[in-house]
2 protein chains.
Amino acid sequence: MLAYTTIQMSPRLGSDGIDQPVPLPLGQARPQQILFFAPGSEIYAQGQKARNIYQVEFGAVRVYRLLADGRRQISAFYLSGEVFGFEADANHHFFAEAITGTSLRLFPRSKFGDISQELFSLTLRCLTRAQEHLLVLGRQTAAERVAAFLLDLAERQGGLEQVELPMSRMDIGDYLGLTIETVSRVFSKLKDKEIIALPTLRSAEIKKWNALQAMSE
Amino acid sequence: MLAYTTIQMSPRLGSDGIDQPVPLPLGQARPQQILFFAPGSEIYAQGQKARNIYQVEFGAVRVYRLLADGRRQISAFYLSGEVFGFEADANHHFFAEAITGTSLRLFPRSKFGDISQELFSLTLRCLTRAQEHLLVLGRQTAAERVAAFLLDLAERQGGLEQVELPMSRMDIGDYLGLTIETVSRVFSKLKDKEIIALPTLRSAEIKKWNALQAMSE
DNA sequence: CGGTAAATTGAATCGTGTCAATGTAAGTGG
DNA sequence: CCACTTACATTGACACGATTCAATTTACCG
């Protein structure tokens with residue numbers, strides 16, 4: 001986990017699963033406001049003016065694009081502490097929605113006079129993540145994708161056995177380029193092999209880390 | 001196409017297909033050196049120290065990752081004028097190779113004291129491209145992927161009918177998450193429908209733009 | 001030209017998608 | 001507190017698109 005002196009991307013979950021206060025990113029920049037978004041509500045839409053960078057205080061966010069016929073690709077999920085909303089020009093190229101009830105810190109783009117090293121670093125990290133995800137979508141099987149997804153989520157939640165899944169099976173499918181049925185089948189197979197347990201629909205327990213890691217590539 | 005006062009990403013091909021001089025990016029930064037790479041030669045490897053940002057003077061570059069069993073995902077191709085080599089930390093996370101004989105301008109990272117607006121802008125554009133490609137890999141069919149690929153290449157080469165394909169079918173497959181056979185079959189089908197012509201293995205002519213555009217989504 | 005690597009084409013297989021039915025958890029009102 | 005509703009997830013049977021494996025064919029270069 002990162003030290004306090006650098007940028008905090010990982011969510012900070014207490015042992016009871018309740019979010020801990022999240023450090024501010026972006027140097028001395030102060031958020032203009034904190035906003036709450038109800039489950040399923042829109043944070044921004046494709047084509048809208050991109051006014052802010054966002055940091056998740058608690059909750060979870062999906063960022064996605066749509067094809068004309070309704071096919072959806074989720075490009076990333078964002079959890080507590082993580083930052084999103086970078087855009088190459090004045091407008092958003094994606095949609096962003098709250099998955100669960102979500103509180104966001106807004107950092108107005110207009111306040112970024114000089115690009116800080118921290119903002120740049122966050123952008124590069126976002127780029128690296130997107131490029132890594134290309135490998136998953138382009139070259140991995142359904143089982144490998146799900147395994148990689150669970151390990152990624154686990155790591156971002158502090159490496160605990162218990163992994164929260166704020167998103168639906170449909171969201172997971174649209175992130176991994178799979179249908180809900182395939183996601184569900186892989187989950188069931190992992191459960192049968194006792195690699196994971198599924199205590200509720202929205203959580204998973206990783207029982208055999210090395211088996212998952214071996215699967216994920 | 002972009003004005004001269006802003007960053008030049010598009011290749012500048014003359015009507016004879018010969019590269020024109022490419023403007024310098026990155027503000028007043030001057031390249032330390034210009035290097036030539038033979039076809040197939042390595043520009044950098046995963047894990048290596050990331051010392052430079054690169055601009056293609058002429059030629060073409062593939063940037064990719066490998067899975068343990070040899071599966072490869074090309075995350076992007078770079079053509080004349082385009083800039084690559086951004087990394088989130090001190091090391092490269094990908095491999096880069098010259099496809100054809102390629103000349104590169106090297107901009108040492110050590111010389112970037114403050115992050116320039118232009119460097120940031122290039123990074124954001126790279127991010128947006130990666131995110132767009134996620135949609136292709138996650139949610140499009142083989143025919144849609146190839147159509148989108150041809151249109152993208154055509155646009156980056158100035159929107160001419162004649163499109164150069166510096167990369168092999170294998171490269172195209174590894175970029176689109178397909179096998180060479182599938183790529184080849186789609187090419188043949190497009191040729192049969194007279195949507196494209198294939199005068200040589202390494203070039204394509206787009207005959208029916210709207211048909212391709214309709215296919216690509 | 002002839003040799004070689006790359007690309008194309010064909011046939012069979014496999015993985016994931018599609019469609020349909022069933023199961024399950026959470027929420028509502030009686 | 002329980003029936004009822006509704007949305008979501010799981011499971012099964014089948015279809016289809018892409019891969020695999022194999023056989024040609026084509027383009028390129030000495």
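Heavy-atom basis, side chains included; hydrogens, waters and symmetry copies ignored. Throughout, protein chains are lettered first and strands after them, A, B, ... in sequence-line order, and every chain is numbered starting at 1.
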Classify the nucleic acid contact of R202(A) as base, sugar-phosphate or nothing, counting any heavy atom under 4.0 Å across all strands shown. sugar-phosphate

Between C1' of dG17(D) and CG of L176(B), the distance in whole Å: 16 Å

Counting only side-chain N and O atoms of S188(A), is one of them less than 4.0 Å from OP1 or OP2 of dT10(D)? no

If each of E181(A) and A142(A) is mapped to the nucleotide of DNA chain C with the nearest heavy atom, which maps nearer the 5' terminus, i.e. the 5' end? A142(A)

R71(A) atom CZ is separated from dT18(C) atom P, nearest whole Å, by 9 Å

Atom CZ of R139(B) and atom P of dA18(D): how far apart are they, to the nearest Å? 14 Å

Rounded to whole Å, the CD1-P distance (I99(B) to dA6(C)) equals 14 Å

Considering every strand and a 4.0 Å limit on heavy-atom distances, what is the contact class for T182(B): base, sugar-phosphate, or nothing? base

Any carboxylate oxygen within less than 4.0 angstrom of a Lys/Arg side-chain nitrogen, looking at R129(B) and D152(B)? yes

Select base, sugar-phosphate, or nothing to describe what T200(A) touches, counting heavy atoms under 4.0 Å on all strands. nothing

To the nearest Å, how far apart are M170(A) CE and dA7(D) P? 15 Å

Between dT20(D) and R185(B), counting only base atoms on the nucleotide and side-chain atoms on the residue, is there a donor-acceptor pair under 3.5 Å? yes

What's the CG-P distance between D171(A) and dA7(D), to the nearest Å? 17 Å

Classify G177(B) by what it touches in the nucleic acid, base, sugar-phosphate, or nothing, heavy-atom distance under 4.0 Å. sugar-phosphate

Does the pair Q55(A) and Y78(A) meet the rule for a side chain to side chain donor-acceptor pair (under 3.5 Å), with working shown? CA-CA 9 Å; Q55(A) 184 181 35; Y78(A) 295 97; over 6 Å; no

Nucleotide nearest S184(B) (side chain, heavy atoms from C-beta), chosen from dT9(C), dT18(C), dA18(D): dT9(C)

For the side chain of L201(A), starting at C-beta, report the closest nucleotide among dA7(C), dA25(C), dT18(C). dA25(C)

Cut-off 3.5 Å, side chains only: do E144(B) and T141(B) have a donor facing an acceptor? yes

Using only atom types and a distance under 3.5 Å, with no angle test, would you say the side chain of R139(A) pairs donor to acceptor with the backbone of R71(B)? no

Separation of dT26(D) atom P from F187(B) atom CZ, nearest Å, is 18 Å

Would you tell me if any nitrogen or oxygen in the side chain of S168(B) comes within less than 4.0 Å of OP1 or OP2 on dA6(C)? no

Would you tell me whether H92(A) and Q48(A) have side-chain atoms, one donor and one acceptor, within less than 3.5 Å of each other? no

Starting at atom CG of L165(B), determine the distance to atom P of dC28(D), rounded to an integer number of angstrom. 12 Å

Quick check for you: among dA7(C), dA18(D), dG17(C), whose closest atom lies nearest to any side-chain atom of T141(B)? dA18(D)

